[in-house]
Amino acid sequence: MNLQVNDLLPSDLSMGTVMLKVGDMATVSAYYRGAIGLDVVAEADGGMYLGRGAVPLVHLAPAPGLQVASRGEAGLFHTAILFETQEDLAATVAAAARFDAAAFAGSADHLVSEAFYFTDPEGNGIELYYDKPRSDWEWRNTAQGPEVKMASLALSPQAYLREHLSEAALDGPGGADAAVGHVHLQVGDTETAAAFYIDTLGFERTAGFHGQALFVSAGGYHHHMAMNVWNSRGAGPRRDTLGLGEVLISVPSDDDVAALADRLRFAGVASRSTGAELCFEDPWSNRLRVAAG
């Protein structure tokens with residue numbers, strides 16, 4: 001499908017707060033504060049918003065009666081937190097490793113970024129990453145349109161910390177700014193994901209991997225969202241479990257929200273709109289909220 005300009009999400013959208021349904025608030029909140037270096041930005045309804053400065057990145061919502069999702073269910077693969085400098089990233093990686101070395105799940109040079117992976121106490125994936133300069137990203141033309149070159153090359157955590165961890169950061173991550181750079185989901189199949197996230201929502205495809213993963217973005221970013229089937233091929237709509245509660249996408253204006261509401265209505269996707277924000281679910285019952293601001 002060839003999208004027209006007015007069918008696309010705005011190029012300057014950003015990813016907002018990721019809400020997680022949590023069984024053990026004390027343990028999970030301690031991890032995000034102690035390992036990831038987030039601060040309590042606000043508290044509401046027994047839950048808390050954690051972030052850097054005044055910007056919330058993760059919303060922990062208490063859900064003590066729910067079960068942990070099985071590995072093969074649709075849902076969250078990871079929340080990816082983007083750091084402005086390699087020094088900020090290194091400080092947080094070092095703090096996370098000191099807090100719980102067993103939570104470390106790997107690292108990679110993705111050509112467009114440098115990434116380190118962790119798992120929180122309830123099994124939610126976390127990526128901590130730094131973007132390489134956009135001038136270093138390689139794009140190529142494919143039958144499906146422009147595609148950014150990404151890979152998973154070896155990246156030694158020890159060498160990275162030796163190169164980028166400063167003396168000032170040895171006591172733990174400071175208050176440097178960070179943001180949710182992208183959100184990666186587990187889904188049942190990438191064809192359905194493309195039909196929903198590209199054809200209906202208006203993201204642009206930026207990369208794919210042999211029907212196993214799909215990467216999409218707005219405005220030429222390497223990806224704002226991704227979907228894979230590595231653990232979840234064939235998964236149907238998810239149960240109400242611990243883990244992902246909601247993904248927030250921020251757009252510049254109410255007009256952008258209204259345009260998306262029209263596209264959802266045309267596609268037959270149920271949604272709830274207040275004018276300034278729009279709530280709906282993807283084909284696997286992952287809840288998304290698009291809000292102006």
Side-chain angles (χ1 to χ4, degrees), residues 14-18 20 26-42 48-60 77-121 124-138 148-184 217 221-224 226 250:
S14 60
M15 301 306 294
T17 309
V18 174
L20 300 175
T27 299
V28 175
S29 64
Y31 184 82
Y32 281 93
R33 287 178 288 153
I36 311 302
L38 304 186
D39 299 316
V40 178
V41 175
M48 62 182 66
Y49 292 81
L50 301 172
R52 292 284 183 102
V55 179
L57 306 180
V58 178
H59 172 200
L60 304 181
F77 190 66
H78 61 237
T79 300
I81 299 176
L82 174 63
F83 294 86
E84 293 187 350
T85 69
Q86 292 166 306
E87 291 74 18
D88 295 339
L89 172 58
T92 306
V93 169
R98 285 197 303 268
F99 190 90
D100 182 4
F104 178 69
S107 57
D109 178 341
H110 292 307
L111 301 181
V112 295
S113 62
E114 298 162 333
F116 298 85
Y117 298 92
F118 295 84
T119 305
D120 80 11
N124 298 298
I126 303 167
E127 176 182 340
L128 309 176
Y129 77 111
Y130 164 78
D131 273 339
K132 297 183 180 183
R134 286 200 181 206
S135 58
D136 292 346
W137 303 357
E138 290 186 38
V148 67
K149 187 177 180 181
M150 293 191 287
S152 291
L153 307 179
L155 179 63
S156 166
Q158 295 82 4
Y160 197 87
L161 295 184
R162 283 196 299 271
E163 182 176 358
H164 299 295
L165 185 62
S166 66
E167 289 291 332
L170 288 176
D171 291 332
D177 289 342
V180 175
H182 65 267
V183 176
H184 197 145
S217 82
Y221 190 52
H222 54 73
H223 66 293
H224 285 109
S250 296

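Side-chain atoms are counted along with the backbone in the values below, which use heavy atoms only and exclude waters and symmetry mates.
- The line from CG of Asp109 to OG of Ser156 is 12.0 Å long, rounded to the nearest 0.5 Å.
- Shown here for Tyr221 and Gly181, the closest heavy-atom pair between the two residues is CE2-O, 3.8 Å.
- For the 3.5 Å distance criterion, the side chains of Tyr129 and His182 qualify, holding a donor opposite an acceptor.
- Asp39 places no side-chain N or O within 3.5 Å of a backbone atom of Val41 that could act as its donor or acceptor partner.
- Summarising the local packing, OH of Tyr160 is surrounded by more than 12 heavy atoms from other residues, nucleotides or ligands at distances under 6.0 Å.
- Note: Leu20 CG to Asn124 CG = 4.5 Å, rounded to the nearest 0.5 Å.
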### Message
For a side-chain contact (heavy atoms from CB on, under 4.5 Å) check, start with the C-alpha distance between Trp137 and Asp131, then their side-chain angles and the critical distance, and finish with the verdict.
### Response
CA-CA 10 Å; Trp137 303 357; Asp131 273 339; 4.3 Å; yes
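- Test Val18, Asp120, Val58 against Ile126 for side chain to side chain contact (heavy atoms under 4.5 Å, CB included) and you get one pass: Asp120.
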### Task
Quick one: do His164 and Val93 satisfy side-chain contact (heavy atoms from CB on, under 4.5 Å)? Show the steps, please.
CA-CA 11 Å; His164 299 295; Val93 169; over 6 Å; no
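- Residues Phe116 and Leu161 form no side-chain contact, since every pair of their non-hydrogen atoms from C-beta on lies 4.5 Å or further apart.
- Annotation: the span from Gln86 atom CD to Glu114 atom CD amounts to 4.5 Å, rounded to 0.5 Å.
- Remark: side-chain polar atoms of Arg52 are not paired, donor with acceptor, to backbone N or O of Leu57 under 3.5 angstrom.
- Using cut-offs of 30° and 60° on the angle between ring planes, the pair Phe99 and Tyr31 is perpendicular.
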